There are 2 protein chains.
Amino acid sequence: MTAADDRDPEAKRHAERFQRVREAHQTEVAEDYVELIAQLIEKTGEARVVELADWLGVTNATVNNTIQRLQRDGLVTSKPYRSIFLTDKGRGLAEASRRRHEIVRDFLLALGVDSETAETDSEGIEHHVSDATVQAFRRFLAKPKS
Amino acid sequence: MTAADDRDPEAKRHAERFQRVREAHQTEVAEDYVELIAQLIEKTGEARVVELADWLGVTNATVNNTIQRLQRDGLVTSKPYRSIFLTDKGRGLAEASRRRHEIVRDFLLALGVDSETAETDSEGIEHHVSDATVQAFRRFLAKPKS
DNA sequence: ACTCAAACTTAGCATACACTAACTTTTATC
DNA sequence: GATAAAAGTTAGTGTATGCTAAGTTTGAGT
Ligand SMILES: [Mn+2]
Ligand SMILES: [Mn+2]
Ligand SMILES: [Mn+2]
Ligand SMILES: [Mn+2]
């Protein structure tokens with residue numbers, strides 16, 4: 001220990017959990033963007049700013065700002081007035097996000113949640129499920145209906 | 001319709017889901033703070049800035065800023081250099097948050113997720129489960145083990 | 001009552017994410 | 001190919017959330 005670290009160890013664990021949630025929120029926007037970009041490219045051949053804005057419910061200007069951050073972080077490439085492409089890193093994140101999102105959504109559906117709620121809730125929950133929880137969801141999905 | 005609203009209806013629904021998630025994130029910090037304040041008061045008799053900072057993993061200064069926002073929003077009261085109290089509204093939010101949080105955590109445990117993961121993941125998930133999903137979790141918890 | 005450490009506050013800064021308004025570029029249409 | 005609409009960009013603004021560093025207040029121990 002570099003310094004006196006003699007606080008309540010329960011407080012410490014509690015704090016670490018919150019730090020985890022804060023980290024998840026930092027990657028959340030990136031995950032949703034690359035996932036959507038991949039879907040748009042797959043469905044329509046390209047990902048454009050207007051389309052992203054339309055599907056995300058934000059303005060063009062906001063999408064532009066975010067795309068610049070994603071580019072800075074090596075997830076996408078884009079040239080002025082052109083459509084947006086994923087880097088290898090971006091494609092990897094998109095693929096992992098898509099799979100995890102699908103499991104969360106399918107799990108909620110299997111639990112008996114209605115379709116629209118499953119879509120809405122999974123959009124937020126997906127960013128907060130660790131691998132262990134995803135595994136538990138998978139196990140549940142694999143189980144034959146009782 | 002006030003203007004031409006002739007975009008892909010699927011995009012529109014998709015966008016609404018994201019708006020939901022953004023709303024959840026706006027209330028998230030408030031929920032975690034009042035829940036923790038209630039717990040500290042219950043356990044130690046009062047809620048102090050240092051304690052909150054310790055349990056949340058942020059600095060005193062950050063807690064101070066947030067407490068000011070919560071006060072502005074009518075969830076807590078506090079006088080300079082004194083401990084923090086919940087308003088009726090704050091107590092109500094704390095109570096609702098606590099209940100929902102417990103159900104999410106217990107649900108993950110019942111699914112077979114290990115204790116530390118359940119604590120960590122539920123800290124993020126709790127803010128993204130709608131009433132319908134909470135009901136589904138409850139049903140699962142009520143069901144006798146297969 | 002003094003002293004000093006702990007607690008708290010304030011000031012100043014930074015980043016993320018959102019917006020509107022104004023401007024530029026591209027592209028579709030004639 | 002000129003023109004208008006659509007798409008994209010930029011500038012400027014605001015809030016939430018975090019930080020560090022510097023100051024103030026409180027309260028505990030002597
Ligand atoms: Mn999402
Ligand atoms: Mn909680
Ligand atoms: Mn939480
Ligand atoms: Mn979240």
Side-chain angles (χ1 to χ4, degrees), chain A residues 3-4 6-8 11 15-16 18-33 36-37 40 44-73 75-85 124 127, chain B residues 3-4 6-8 11 15-16 18-33 36-37 40 44-73 75-85 124 127:
Chain A
D6 56 350
R7 46 215 261 267
D8 187 339
E16 283 163 359
F18 277 103
Q19 274 151 0
R20 225 356 162 58
V21 175
R22 274 177 236 127
E23 280 167 32
H25 284 157
Q26 283 194 326
T27 51
E28 178 158 344
V29 170
E31 289 169 355
D32 287 334
Y33 268 70
L36 181 54
I37 289 167
L40 288 174
T44 72
E46 61 177 357
R48 314 274 336 191
V49 170
V50 254
E51 283 293 300
L52 286 169
D54 201 19
W55 283 77
L56 291 166
V58 295
T59 62
N60 286 8
T62 295
V63 170
N64 237 277
N65 278 339
T66 305
I67 292 299
Q68 277 167 25
R69 267 204 316 285
L70 298 185
Q71 192 156 23
R72 181 201 65 189
D73 296 342
L75 294 168
V76 307
T77 59
S78 79
K79 279 185 279 212
Y81 298 100
R82 298 286 141 183
S83 71
I84 297 145
F85 300 93
H127 311 284
Chain B
D6 55 351
R7 46 215 261 267
D8 187 339
E16 282 163 359
F18 277 102
Q19 275 151 359
R20 224 356 162 62
V21 175
R22 274 176 237 130
E23 279 167 31
H25 285 158
Q26 283 194 326
T27 52
E28 178 158 346
V29 171
E31 288 170 355
D32 287 334
Y33 268 71
L36 181 54
I37 289 166
L40 288 175
T44 72
E46 59 177 0
R48 314 274 337 191
V49 170
V50 256
E51 284 293 299
L52 286 169
D54 201 19
W55 284 77
L56 291 166
V58 295
T59 61
N60 286 8
T62 296
V63 170
N64 237 275
N65 277 339
T66 306
I67 292 298
Q68 277 168 25
R69 268 205 315 287
L70 298 185
Q71 191 156 24
R72 181 202 64 190
D73 295 341
L75 294 167
V76 307
T77 58
S78 79
K79 280 184 278 212
Y81 298 99
R82 298 285 143 183
S83 71
I84 297 145
F85 300 94
H127 311 283

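Every chain is numbered from 1 and lettered A, B, ... according to where its sequence line falls, protein lines coming before strand lines. Computed from a prediction, not measured in an experiment: that's the story for all the values here.
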Please report the shortest heavy-atom distance between [X] and [Y], naming the atom on each side.
| X | Y | answer |
| --- | --- | --- |
| B:Y33 | B:V58 | OH-CG2, 4.2 Å |
| A:W55 | B:D8 | CZ2-OD2, 3.8 Å |
| B:E28 | A:H25 | OE2-CE1, 2.8 Å |

Next item on the list: Go through residues 18-31 of chain B and report each residue with a non-hydrogen atom lying under 4.0 Å from DNA chain C, sorted by number.
Entry: B:R22
Checklist line | DNA chain C-proximal residues of residues 62-69 of chain B, any heavy atom under 4.0 Å | finding: B:N64, B:Q68
Gap between atoms [atom1] and [atom2], on [X] and [N] respectively (whole Å):
| X | N | atom1 | atom2 | answer |
| --- | --- | --- | --- | --- |
| B:D54 | C:dA7 | CG | C1' | 13 Å |
| B:D32 | D:dA16 | CG | C1' | 15 Å |
| B:I84 | C:dA7 | CD1 | P | 13 Å |

Notebook entry, point to check: In terms of heavy-atom contacts, does CZ of A:R20 have more than 12 from other residues, nucleotides or ligands at under 6.0 Å?
Noted result: no
Note to self: Could you tell me if the side chain of B:N64 sits less than 4.5 Å from the side chain of B:N60, heavy atoms only?
What the structure shows: no
Check: Is the closest side-chain heavy-atom distance between A:V50 and A:D54 below 4.5 Å?
Finding: no
Checklist line | Residue met sooner reading DNA chain D from 5', once B:V58 and A:E51 are mapped to nucleotides | finding: A:E51
Item checked: B:R72 or A:K79, whichever maps to the more 5' nucleotide of DNA chain D -> A:K79
Check: What about B:Y81, does its side chain sit under 3.5 Å from the base of D:dT24 through a donor-acceptor pair?
Finding: yes
Margin query: By nearest atom, which of the nucleotides C:dT20, D:dT20, C:dA18 is closest to the A:T59 side chain?
Written below: C:dT20
Item checked: Selected nucleotide, minimal atom distance to B:A61 side chain, candidates C:dT20, D:dT20, C:dC8 -> D:dT20
Check: B:V63 pairs by side-chain contact (heavy atoms from CB on, under 4.5 Å) with which of B:N65, B:I67, B:T59?
Finding: B:I67
Item checked: Inter-residue atom distance A:T62.OG1 - A:L52.CG, 0.5 Å rounding -> 12.0 Å
Item checked: Atom pair CZ/NZ of B:F85 and B:K79 - distance to nearest 0.5 Å -> 8.0 Å
Notebook entry, point to check: Does B:R48 have a side-chain nitrogen or oxygen under 4.0 Å from the phosphate oxygens OP1 or OP2 of C:dT9?
Noted result: no
Next item on the list: Would you please confirm or rule out a distance under 4.0 Å between OP1 or OP2 of D:dG8 and any side-chain N or O of A:R82?
Entry: no
Checklist line | 5' precedence on DNA chain C between A:G57 and B:V49 (nearest-nucleotide basis) | finding: B:V49
